[in-house]
Amino acid sequence: MSLLIKNGLIVSSTGRTVGDVYVEGEKIKAIGRDLDFKADEVVDASGKYVLPGVIDPHTHLEMPFMGTTAKDDYKTGTIAAACGGVTTVVDFDLQKKGESIHDCIERKKEWASGKVAVDFSLHPGITDPRPEIIEEVKDAVLEYGTPSFKIFMVYDFRVDDATMIKLLKETKKYGGLVQVHAENFYVIQYMNEILEKEGKLEPYYHAVSRPVLAEEEAIARAVKMVELTDSRIYIVHLSSGRGLYRVKEARDQGLDVFAETCPQYLLLDEERYKEPDFGGAKYVMSPPIRSKENLDELWVGLKMGDLQVVSTDHCPFDFKGGKDMFGKDDYKKIPNGAPGIETLLMLLHTEGVVKGRISLERMVDVLSTSTARMFGLKDKGEIAPGKDADIVVFDPEQKFTITQSKLHMNVDYTPYEGMEMRGMPSVVFSRGKKVAEWRNDHVEFVGEPGWGKFVKRAPFTGF
Ligand code: DUC
Ligand code: ZN
Ligand code: ZN
């Protein structure tokens with residue numbers, strides 16, 4: 001199969017140019033003006049953008065959590081991804097007690113098999129750090145193709161500082177990267193006790209129980225461990241201005257401290273927790289969404305490069321029978337997480353690019369190019385000869401009102417219901433295969449579950 005995308009505005013992290021993209025099989029073969037190739041399919045992209053497929057490096061597909069399971073599996077989650085222009089997903093894969101990293105990875109590959117609609121990789125989540133697991137880091141980086149490791153400083157499966165130090169040392173040796181969920185467990189425990197005594201158990205108090213200070217302290221501590229070990233770290237779902245300040249401070253010192261944020265922390269504020277009829281539960285995620293000032297600070301961090309990546313932390317639970325069933329009387333029992341994989345690109349374009357907070361190039365950088373570089377996705381993240389033909393032909397003028405019934409995520413709500421979008425995917429290609437296209441009033445999936453492949457990632461080589 002060959003494909004010629006004509007006259008689009010081809011956007012990279014460093015610039016833009018009008019031209020054609022020629023694809024043969026699964027790879028981009030040529031870029032230029034008036035390319036003279038015969039192709040099986042020709043797409044007229046006049047007036048449209050030609051973007052590299054988005055990479056979402058933070059999802060929790062089918063993850064068992066807080067007594068239930070995240071509702072999107074590899075099929076529904078990656079169909080939704082494709083419809084949103086996401087052509088690669090790097091999913092978290094939390095180790096079970098007693099399990100090796102190898103078995104942990106093989107287990108989730110098995111779940112994905114025959115179902116996954118776009119390419120995927122895995123970040124092992126280290127929750128049982130036995131000595132042989134620390135030793136296995138070398139194989140995970142150099143052989144399994146999974147060079148990034150998630151650790152939690154909070155939850156029952158958190159690791160202590162000693163484990164963090166060991167992992168930082170070991171990953172540094174082989175080109176691994178430690179990703180940290182940074183919140184101080186004891187601060188949250190203390191706040192929970194106070195709120196419990198005061199009978200403050202509505203969803204709003206989820207945010208009160210996890211103050212910015214808990215994130216700031218955990219980031220500052222993790223940074224110190226990086227300084228100690230001369231290693232590197234990546235803070236996931238950074239949510240606050242104070243947290244960002246700690247990241248900037250570390251980077252100004254020359255430390256390899258990186259961070260991502262997510263659309264929910266850029267666009268939603270803590271007033272949402274006060275929505276009537278228990279509606280605030282829809283936004284119960286950790287860390288929580290914050291007060292308005294934080295949102296502005298994160299946009300600046302994104303624009304200026306202190307935040308390198310935007311991901312989703314896609315972890316969906318139904319509102320009815322999920323959020324409301326488990327946590328009706330106590331915010332601590334509400335399953336933490338929200339859907340977002342399908343709305344990532346449209347939100348960043350409308351709220352970031354159209355509103356002038358970031359440039360189009362910066363959007364491509366934080367959604368694709370930097371993400372590929374950070375996580376060793378050598379064949380992804382750019383429209384360039386030799387790269388995988390993961391391409392989004394994007395109509396910057398296409399309007400769309402976000403509503404759950406026109407999305408594909410397997411969940412009964414979206415946190416962005418009613419938001420007006422400007423700019424939507426017209427056609428999405430995964431390794432040259434059409435997987436989604438705009439039809440009438442929304443994007444429809446036209447791909448094939450099982451098409452997606454596991455991608456072995458390369459070790460970290462610097463950023
Ligand atoms: N936070 C969430 O809100 N959900 C999944 C895990 C996490 O850290
Ligand atoms: Zn997390
Ligand atoms: Zn997460």
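Counting starts at 1 for both ligands and their atoms, following the listed order. The structure presented is a predicted model; accordingly, all values stated were derived computationally and were not measured.
Partner of Y234 under the ring-ring contact (aromatic ring centres under 6.0 Å, His included) criterion, chosen from F149, F375, F463, F258: F375.
Heavy-atom minimum distance, P263 versus S311: CD-O, 3.1 Å. Looking at every heavy atom in both residues, P425 comes nearest to L345 through CG-CD2, 4.3 Å.
Those atoms of ligand 1 that come under 4.0 Å of a heavy atom in H237, given as number and element, are 8 (O). Below 4.0 Å from some heavy atom of G337 lie the following atoms of ligand 1, by number and element: 3 (O), 4 (N). Close contacts of ligand 1 with M285, meaning ligand atoms under 4.0 Å from a residue heavy atom, involve 3 (O).
Inclusion of H237 in the first shell of the Zn ion (ligand 3) is not supported: no N, O or S atom falls under 2.8 Å. Because the distance cut-off is set at 2.8 Å, H58 qualifies as a neighbour of the Zn ion (ligand 3) through one of its N, O or S atoms.
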(request) Please step through side-chain hydrogen bond (donor to acceptor under 3.5 Å, both in side chains) for the pair N184 and E217, ending with a clear verdict. (result) CA-CA 7 Å; N184 181 308; E217 187 283 333; 2.8 Å; yes

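Within the 4.5 Å cutoff, no side-chain heavy atoms of K456 are placed close to those of Y144.
Considering only non-hydrogen atoms, atom 8 (O) of ligand 1 lies nearest to H181 out of M63, H181, H58, K150.
The nearest N/O/S atom of D313 to the Zn ion (ligand 3) is OD1. Of all the N, O or S atoms in H181, the one closest to the Zn ion (ligand 2) is ND1.
Among all non-hydrogen protein atoms, the one lying nearest atom 3 (O) of ligand 1 is S286 N, 2.8 Å. Counting only heavy atoms of the protein, atom 7 (C) of ligand 1 lies nearest to Y155 OH, 3.3 Å. Protein heavy atom nearest atom 4 (N) of ligand 1, with residue, atom name and distance: N336 O, 3.0 Å.
Below 3.5 Å of separation, one finds no N or O of H60 facing any N or O of ligand 1.
Look at D269 and R290 and you find no salt bridge, because none of the NZ, NE, NH1 or NH2 atoms lies under 4.0 Å from a carboxylate O. One finds a salt bridge joining D119 and K380 here, because a Lys/Arg side-chain nitrogen approaches an Asp/Glu carboxylate oxygen to under 4.0 Å.
Distance check, rounded to the nearest 0.5 Å: CE of M285 to CD1 of I334 gives 11.5 Å.
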